[in-house]
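The structure appears below as structure tokens.
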Amino acid sequence: MAARGRSRRTLSFSVDSVGINRGESLPPTLQQPTPVFPVMEQKPLPLTGGEEAEYLLALKQDFRGAMRSLPCFIQPAAALRDVERYSDKYHSSEHTDGLMDWTPDWQRFPRELRIHARKPARDGVSVARSDAQSAQKKKKKKVREKEEVLIKLETLQKKEEQQSEEDDDDDNTEQKKKQEDDDADGDEEYDEEEFEEVILYVTCDGSNQSVWTGSGLTEGSVLQETDYIMSYFDNGEDFGGDSDDNMDEAIY
Amino acid sequence: MTAQEVRLCGLLLHEHFGEVVEKVGTHLLRSGAQNLRTIIHETGLSVDLVKKSLMVLVQHGACLFSSGRKGPGSPTEYRSGCDRILRILRYPRYIYTAKTLYGDTGELVVEELLQRGHMTMSGTVKTVADRLTQNMEEGRSMDYSEVSSAFSKLVETHFLQRCPKLAGAGTADSTSPAAGATPAAPGTPAAPASAIPPTPESFPDCYKVPHMTLVGRGKRQLAAEDGEDQRNAKRQKMDSEAHGDEGIYWQVNFERFHLHFRDQAIISAVANKLDQTSSEIVRTMLRMSEVTTSPAATCTKPLSANEIFRSLPASYNIPRPILDQYLTLLVDDPMEFVGKAGESGGGMYVVNLHRALANLARATLESVVQERFGSRSARIFRLLLRKRHLEQKQVEDFAMIPAKEAKDMLYTLLSQNLVQLQEIPKTPDYAPSRTFYLYTVNQLPTARMLLQNCYKTVANLIERRLFESKESKRLLEKSQRIEAILASLQASGAEPEQLTEVEEMITAPEKQQLDALKLHINKLDSAENQVDETIFLLESYVNSTATSTG
């Protein structure tokens, strides 16, 4: 571009108005991007300390820590390992328990966000059926078994006298029923641990949406439906991998 | 929604809500309004996870949903905005302000609401009472009525507001969506959601405390064994009888906090520039106009000198003529914080809010240039701000800097885009020898540019902090385990030798490393807080110009 002016050494802008005098050379052209961490001529000012700043810092760190333990902190299932393990089946749903603590007010959310409860199958009947089928089936089942349910409820309730009286979320809709699947089978398993702690609501209109709520079960074995406590499924991969610095103590 | 903002929002979501919510959130930020199926398809996550993340985002106000663009039958669309997520940076400041104004109870109320997003009044009161009881000595507990009164005070001063009833939510689609909170609304049958979601303030009941029957005291969580603990925890959840305020959710009113911060910034600026008494006068004026001034107002309503004199705090008994002198001083000050609007009532005075914000932003820009390039470059910058357009020669003369250095500094500023070049042609063909080249500074675009720099800075700080923690992850985990062991040993009453033995499991160099790590992380966190103060100033300035011109 500078050579366009008929082999005259003129530049595209007027030299004096921008301030370059004769004889001074232009600064060297830049041929690569500027460095990522350029050297700073002036050092930056130090941070303001003081009581307020420290208190704000403490508040911030506490807030972050608290958010991690709340139900709104969603973590996906544990990361994939290189090889599939048998214990994965039992470990994967452990993490989702924290979410059961939060009962959202469904009036404030769009309908499509409702999640169908994935209650683990107690008697081999899988809950994960398609809605169309289950709508039909459950409706018929409900009508037949409502009376049975009520009778069983009363007996069970009497058994639970030393436990708390009311169910969770009593202020919810009036269409509250206990899930029929469980009651259809033997209820001995219910008395001790499960029954009073997990309650699902099934609406009786045609839509059949079960709202997911309930208090967290503490017994890992019950939730995963095995006879063993969850630490039975630890496959020993975590052991000994932590601190190998201290070689004084031998690891057996 | 610039790239820097989206990046920062992603990091904030990741830290506070986990990586699933981050993925969904950043996708929404980048792509605008989308319906559920598209989100599931494009993020590649499972349906359940996407639904849960959307619920978390809606719960915290970061995402809004409305019925689709094609009419009431189309699927709901979700859209998200950067502003709300960027507020997360400011949460510590909100909590601290609540503490200074309303004590520990207010602090915990605001903290609970910030953590949960939306909550009912009864839920908040119970949780806060329990937390306060936890920290009190044995045998004492916090009464619910104290917490309720703190809550009501926060609502009266508009720091908390009701959540607007969202259209399109709920069970049936046919019922009128916006019922409930607006008894005044006429029976518009099933009106589809308008293009703009209703602001909380459009509902007349926005700041009305509901009548609630809530009697009791906070419960202390006892350290019982597991079986008993289960039952206790269950019992606490069980007594959630209806308290008369179902369906009324509260959220923190960020705008009100921002007005408070703005007032504080003005007062401290006056205190720094003039003196304590002038700042007290300005504080009185702002306090008197708190309720009468709308949030977007350019200046407060005029106040007469008599009124100001009467409302000054009792500890400042300045005689009336001295007050007049102070007011005249404030009006004459070049920063133009206070203006005179008339002569009645001993002189009518206003606080120029927008002009004060512009001046504060200008001071911020000048200080940035000074700290980065030196005081002489700052002199040139200030000169250009005052004189608007100057030629190269004039800059050298006015700034009294030798030509070569002035040229150098100008070019540095130009390359950093803090100074712009304006061409004024003498002839229509823009010939370079016959064109004036003038240097100029535009305050608003420069402020926007610095604001984006601030977002980038905070994002870099967060990333550096995450990097440092990841580097020393093993060490951190080890120290956490040892603390847990120590705590359990102490709780079960062990002898000091056992405790020292456990403590020695961390070697001295490791301890040094841990201390250095802690220092770095604290510094980075503290720096984030301070950059956020600059972000607040620049954002307020940019928003104030938007409302006044647009």
Problem set entry | Residue pair A:E54 / B:N522, side-chain heavy-atom distance below 4.5 Å | no
Exercise. Are A:C72 and B:Q59 side-chain neighbours, meaning at least one heavy-atom pair lies under 4.5 Å?
Worked result: no
Exercise. Of the backbone (N, CA, C, O) and the side chain (C-beta and beyond), which part of B:Q530 lies under 4.5 Å from a heavy atom of chain A, both, or neither?
Worked result: side chain
Exercise. How about A:M67 and B:Q115: do any of their side-chain heavy atoms sit closer than 4.5 Å?
Worked result: yes
Seminar exercise, completed: Turns out that what part of B:E107 lies under 4.5 Å from chain A's heavy atoms comes down to side chain
Exercise. Within a strict 4.5 Å, meaning less than it, do heavy atoms of the B:D525 and A:R64 side chains meet?
Worked result: yes
For this session: Look at the aromatic rings of A:F63 and B:H16 and report parallel, tilted or perpendicular, splitting at 30° and 60°.
Result: tilted
Exercise. Under a 4.5 Å heavy-atom cut-off, does chain B meet the side chain of A:Q61, its backbone, both or neither?
Worked result: side chain
Problem set entry | Proximal component of B:K523, with respect to chain A [non-hydrogen, under 4.5 Å] | both
Exercise. How would you list, by chain and number, every residue that makes a side-chain contact (heavy atoms from CB on, under 4.5 Å) with B:S46, sequence neighbours excluded?
Worked result: B:D48, B:L49
Exercise. CD/A:Q42 to CD/B:Q370 distance, rounded to the nearest 0.5 angstrom?
Worked result: 9.0 Å
Seminar exercise, completed: Residues at least two apart in sequence or cross-chain that pass salt bridge (Lys or Arg N to Asp or Glu O under 4.0 Å) with B:E391, listed by chain then number, are none
Exercise. Side chain, backbone, both or neither: which part of B:A403 has a non-hydrogen atom closer than 4.5 Å to chain A?
Worked result: neither
